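The structure appears right after this line, and notes come after that.
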Amino acid sequence: MTVKRRELSVFTVAATYVGTVVGAGFATGQEILTFFTHFGLNGVYGVLLATVLLGVLGSMVLRIGHRVRAESHVAVIEEVTGPTLGRLVDWVITFFLFGGAAIMMAGSGAVFAEHWHLNRFLGTLVMAILAGGTVAMGLRGVVASISAVAPILVVMVLVVSTGSILVNGISPADLAWNRPDEAATTFWPVSALLYVSYNLLISIAVLGPLGRESQNERVLHYGGLIGGFVLGLGALFINLAVLAGLPESAAYEVPMLHLARQFPPWLQTSYSIVLWAEVYTTAVASLFGLAIRLTKPESPRYGQFVVGAAALALVASQFGFSQFVGFLFPAVGWGCLLVVGG
């Protein structure tokens, strides 16, 4: 089942883009901490660089998907890198989509354990079941779930971040914070590039096929630009909030939930629920990209592939959330700089 072209708008495209990226690493603050906060003031410059790149490259992916009539990320990658190099990048992306699904499940487990005081494995299992069920509905279910939740999450991110900045303040010592040995890489511009590179991977898996569903390249262009800007805005506020909460905020797997504890219980609970929903949308995007790479949604075996991929990701998720973010994201980001460079 495909998304009807008349249903696509700039808002839907932008919200879908935001929703594929704003997941466990982003909304929890762990991803922003790893790639930006450890650089102090330079990390802020890194966020600004990443914002520009996310907008420009997101727009490009959507328009390429439209022009090549992409059914999965493969057609987009081969258009950018050529068929020979494209095969290598395809396998890197496919591996990352699997790892991304596992990371989202691990992120769900972290929310269950650290904020709701529930069993960690239960959190990963619930995520595997819900994400797998959504992906089984095809692109329509994926786009509907992602675009519906993304705007709510962005609002909550801005509310909690702004409140934390106002409560804690940002001191010269916070801006001077410099722990490059704990960051994704020791050079902040490269860290920003890696951040854009790996985020683009999950996005390609959804935005490529989404571009195929539109008759209007202008909608795709502006949807990509706006989506990139919103992502950058959210990343900037999270980065400033985590900076304001140093050094305590750097010690948590879910820094944003730690910061939310400064506020009334209803706001803490609201943020944790919406955050978990965004973990869900990115798990959906990852599983969907993996499934349509292995088989077509109309295939009788599509459901079997979805169930199998979700089960394997569930097993891999037991490795741990922060460990995944700190190792897998930078590693795959290096490999997929080939796409960004192309």
Side-chain angles (χ1 to χ4, degrees), residues 1-23 26-27 50-73 75-76 79 130-131 133-159 196 199-237 274-275 277-289 291-292 297-298:
M1 184 179 293
T2 58
V3 176
K4 295 180 181 180
R5 293 179 179 178
R6 69 173 182 271
E7 296 177 354
L8 285 182
S9 63
V10 171
F11 174 82
T12 299
V13 172
T16 302
Y17 184 16
V18 171
T20 60
V21 175
V22 182
F26 184 102
T51 301
V52 174
L53 293 175
L54 285 170
V56 172
L57 295 175
S59 172
M60 289 177 58
V61 168
L62 284 159
R63 288 181 286 123
I64 291 173
H66 170 79
R67 293 169 187 171
V68 303
R69 315 307 298 166
E71 294 185 351
S72 71
H73 67 261
V76 176
E79 179 71 12
L130 290 181
T134 303
V135 172
M137 294 189 292
L139 184 58
R140 177 184 292 275
V142 171
V143 171
S145 64
I146 291 174
S147 61
V149 177
I152 302 172
L153 186 319
V154 171
V155 171
M156 289 299 297
V157 163
L158 295 179
V159 168
V196 172
N199 270 312
L200 202 61
L201 298 191
I202 291 180
S203 301
I204 288 175
V206 174
L207 298 188
L210 187 63
R212 176 173 173 262
E213 300 299 324
S214 176
Q215 298 179 352
N216 190 337
E217 278 199 52
R218 287 177 61 85
V219 168
L220 300 173
H221 173 64
Y222 288 112
L225 290 179
I226 293 172
F229 171 78
V230 172
L231 286 168
L233 181 67
L236 177 63
F237 273 75
V274 177
L275 182 152
E278 274 298 347
V279 174
Y280 155 78
T281 62
T282 306
V284 165
S286 300
L287 275 178
F288 175 74
I292 63 173
E298 60 268 21

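Because the structure is predicted, anything quoted here is derived from the model rather than measured. One-based numbering along the sequence shown.
- Atom CG of Leu233 is separated from atom CD1 of Ile226 by 13.0 Å, given to the nearest 0.5 angstrom.
- Summarising the geometry of Leu287 relative to Ala131, their closest heavy-atom pair is CD1-CB, 3.8 Å, with the distance given to 0.1 Å.
- For the side chain to side chain contact (heavy atoms under 4.5 Å, CB included) criterion with Ile204, the lone passing option out of Val206, Leu207, Leu200 is Leu200.
- The backbone N or O of Gly19 lies less than 3.5 Å from a partner atom in the side chain of Thr281, making a donor-acceptor pair.
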Verdict with reasoning, Arg67 to Glu217, per salt bridge (charged side-chain N to carboxylate O under 4.0 Å, His left out): CA-CA 9 Å; Arg67 293 169 187 171; Glu217 278 199 52; 2.9 Å; yes
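- Contact of the Glu79 side chain with the Val76 side chain is not registered, since no non-hydrogen atoms from C-beta on lie closer than 4.5 Å.
- Here the side chains of Thr282 and Val21 are not in contact, with every heavy-atom distance at 4.5 Å or above.
- Using a 4.5 Å cut-off on side-chain heavy atoms (C-beta onward), Leu8 and Glu213 make contact.
- Within the 4.5 Å cutoff, no side-chain heavy atoms of Val219 are placed close to those of Ser9.
- Residue Ala150 comes nearest to Val18 through the heavy atom pair CB-CG1, 4.1 Å, listed as atom of the first residue, atom of the second, then distance.
- Contact of the Leu231 side chain with the Tyr17 side chain is registered, since non-hydrogen atoms from C-beta on lie closer than 4.5 Å.
- Using a 4.5 Å heavy-atom cutoff, the side chains of Ser203 and Val61 are not in contact.
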- request: Walk me through it: do Ser59 and Tyr222 pass the test side-chain hydrogen bond (donor to acceptor under 3.5 Å, both in side chains)?
  value: CA-CA 7 Å; Ser59 172; Tyr222 288 112; over 6 Å; no
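- Proximity of Arg212 to His66: side-chain heavy atoms (C-beta onward) are nowhere separated by under 4.5 Å.
- When all heavy atoms are compared, the tightest approach of Val56 to Leu225 is N-CD2, 4.1 Å.
- When every heavy atom of Ser145 is checked against every heavy atom of Val142, the shortest pair comes out as OG-O, 2.9 Å.
- The backbone N or O of Leu130 sits less than 3.5 Å from a side-chain atom of Thr134, completing a donor-acceptor pair.
- To the nearest 0.5 Å, atoms CD1 (Ile292) and OG (Ser72) are separated by 5.5 Å.
- Contact annotation: the side chain of Thr20 approaches that of Ile146 to within less than 4.5 Å [non-hydrogen atoms, C-beta and beyond].
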